[in-house]
Undergrad: 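Handing you a structure now.
Convention: sequence-line order gives letters A, B, ...; per-chain numbering from 1.
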Protein chains: 2
Amino acid sequence: MDVQLKRGLLDVCVLAVLKQGESYGYKIISELSPYIEICESTLYPILKRLEKSGCVTTRTAEHNGRLRKYYMITQMGKHKINEFLSDMDEFVKVHEFIRRRNV
Amino acid sequence: MDVQLKRGLLDVCVLAVLKQGESYGYKIISELSPYIEICESTLYPILKRLEKSGCVTTRTAEHNGRLRKYYMITQMGKHKINEFLSDMDEFVKVHEFIRRRNV
DNA sequence: TATAATACTATGCGTAACAAGGTATTTGGT
DNA sequence: ACCAAATACCTTGTTACGCATAGTATTATA
């Protein structure tokens with residue numbers, strides 16, 4: 001998918017994954033990969049951003065002798081998803097506008 | 001609509017307008033305004049970009065003693081619209097992915 | 001024993017939307 | 001006659017975000 005079209009989409013994808021339960025960086029990528037490509041150097045800044053803006057909280061736990069950072073969605077994060085879905089109503093109308101003029 | 005979500009959308013909106021026939025800056029804004037907000041300082045760089053990439057051609061004509069720059073879509077521009085619509089198939093699937101996880 | 005997979009992080013680049021500001025003419029209201 | 005709004009175009013600087021590239025380090029697998 002065109003890079004520009006992903007803008008603003010990836011944040012919400014990550015939040016949508018976390019809505020189903022806590023997860024961690026590497027796993028989030030693999031959960032999203034069937035739907036949208038997101039590379040590490042994109043994801044980790046997103047996670048940092050989401051934490052800073054209060055959309056997720058974190059806990060660090062040991063797994064197989066390695067530290068893993070788990071991310072959990074907050075109320076604010078859920079609110080962000082709903083905001084996105086509202087925007088999508090508008091987006092869909094614009095999409096239709098373009099399709100109508102393409103016949 | 002969120003600024004980031006507009007990324008990559010506005011170019012195609014402009015092209016979709018031009019697919020219906022030539023138009024000029026000010027008119028394009030008014031034709032789009034019921035569907036999506038686009039300000040002048042966004043539109044004119046877009047038009048320049050589209051011209052540079054061969055998606056539109058221009059002609060300048062006098063109208064009421066004032067110069068007006070008319071923009072016309074090219075084959076390349078039409079191709080760009082179709083590329084966008086392909087990307088949208090993917091986008092729609094991601095949208096559904098998010099909606100499903102938001103119940 | 002090497003290579004893939006797992007797991008996280010930092011730096012720098014390019015693109016696009018927009019705020020703010022500038023220029024100039026015409027039209028409409030009072 | 002005068003001012004505001006509408007018409008019409010353009011430039012500069014800022015900000016945000018996706019990604020390429022690179023680095024670090026452990027564990028599993030062939």
Undergrad: Go through D:dA8, D:dA20, C:dA19 for me and flag the one nearest to the B:Arg68 side chain.
TA: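 Shortest atom-to-atom distance from the side chain points to D:dA8.
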Undergrad: Within this structure, what is the CE-to-P distance between A:Met1 and D:dG18, rounded to whole angstrom?
TA: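 For the pair A:Met1 CE and D:dG18 P, the rounded distance is 12 Å.
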Undergrad: Could you state the atom-to-atom distance from CD of B:Glu31 to P of D:dA8 in whole Å?
TA: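 The distance from CD of B:Glu31 to P of D:dA8 comes to 12 Å, rounded to the nearest Å.
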Undergrad: State whether A:Tyr44 places a side-chain N or O below 4.0 Å from either non-bridging phosphate oxygen (OP1 or OP2) of C:dA10.
TA: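 Checking A:Tyr44 against C:dA10: no side-chain N or O falls below 4.0 Å of OP1 or OP2.
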Undergrad: Classify the side-chain pair A:Glu51/A:Thr57 by whether it contains a donor and acceptor separated by less than 3.5 Å.
TA: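 Looking only at side-chain atoms, A:Thr57 and A:Glu51 do not form any donor-acceptor pair under 3.5 Å.
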Undergrad: Rounded to the nearest angstrom, tell me the gap between atom CG in A:Leu43 and atom P in C:dT6.
TA: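 Roughly 15 Å, once rounded to whole Å.
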Undergrad: Using only heavy-atom distances, decide whether a donor-acceptor pair under 3.5 angstrom links the side-chain of B:Arg7 to the base of C:dA16.
TA: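 Under the 3.5 Å cut-off, the side chain and the base do form a donor-acceptor pair.
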Undergrad: Any N or O donor-acceptor pair under 3.5 Å from the base of D:dC19 to the side chain of A:Glu40?
TA: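 Side chain to base: no pair below 3.5 Å.
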Undergrad: Both B:Glu37 and A:Tyr24 contact DNA chain C. Taking the nearest nucleotide for each, which residue is further toward the 5' end?
TA: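 Nearer the 5' end of the strand: A:Tyr24.
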Undergrad: Given atom CD of B:Gln4 and atom C1' of C:dT15, what is their separation to the nearest angstrom?
TA: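 Roughly 11 Å, once rounded to whole Å.
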Undergrad: Mind checking A:Lys48 for me? I need base, sugar-phosphate or nothing, with any heavy atom below 4.0 Å counting as a touch.
TA: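 It contacts sugar-phosphate atoms only.
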Undergrad: Hey, is B:Arg59 close enough to B:Glu22 for a salt bridge, meaning N to O under 4.0 Å?
TA: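 Salt bridge between B:Arg59 and B:Glu22, a charged N being under 4.0 Å from a carboxylate O: yes.
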Undergrad: Between D:dC9 atom P and B:Tyr71 atom OH, what is the distance in whole Å?
TA: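 About 7 Å, once rounded to whole Å.
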Undergrad: Check this for me: does any side-chain nitrogen of one of B:Lys80 and B:Asp11 sit under 4.0 Å from a carboxylate oxygen of the other?
TA: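 No.
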Undergrad: Is A:Tyr26 near enough to C:dA5 that one of its side-chain N or O atoms lies under 4.0 angstrom from OP1 or OP2?
TA: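 A:Tyr26 to C:dA5 OP1/OP2: no side-chain N or O under 4.0 Å.
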Undergrad: Measure from CD1 on B:Ile38 to P on C:dA17 and round the result to the nearest Å.
TA: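 Those two atoms, CD1 and P, are 7 Å apart.
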Undergrad: What is the separation between atom CG on A:Asp2 and atom C1' on C:dG14, rounded to the nearest whole Å?
TA: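 Nearest whole value for this atom pair: 13 Å.
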Undergrad: Quick one: B:Ile29 CD1 to D:dC9 P, roughly how many Å, whole number?
TA: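 Checked: the CD1 to P distance equals 9 Å.
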Undergrad: Check every strand shown and say whether B:Lys27 touches a base, only sugar-phosphate, or nothing at a heavy-atom separation below 4.0 Å.
TA: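 The answer is nothing, as B:Lys27 stays clear of every strand by at least 4.0 Å.
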Undergrad: Quick one: is C:dA17 close enough that its OP1 or OP2 comes under 4.0 Å of any side-chain N or O from B:Arg49?
TA: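 Indeed, a polar side-chain atom of B:Arg49 lies that close.
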Undergrad: Which listed nucleotide (D:dC19, C:dA7, C:dA17) is nearest to the side chain of A:Lys6?
TA: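 Comparing D:dC19, C:dA7, C:dA17 against the side chain of A:Lys6, the answer is D:dC19.
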Undergrad: Between D:dG18, C:dA7, D:dC9, which one does the side chain of B:Lys69 approach most closely?
TA: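 Shortest atom-to-atom distance from the side chain points to D:dC9.
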Undergrad: Do the side chain of A:Thr74 and the main chain of A:Gly54 share a donor and acceptor less than 3.5 angstrom apart?
TA: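 Checked: pair present.
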Undergrad: Backbone N or O of B:Glu37 within a donor-acceptor pair of the B:Lys6 side chain at under 3.5 Å?
TA: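 Yes; judged by distance alone, with no hydrogens or angles, the pair exists.
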Undergrad: Taking OP1 and OP2 of C:dC18, is either one under 4.0 Å from a side-chain nitrogen or oxygen of B:Thr42?
TA: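 Checking C:dC18 against B:Thr42, a side-chain N or O does come within under 4.0 Å of OP1 or OP2.
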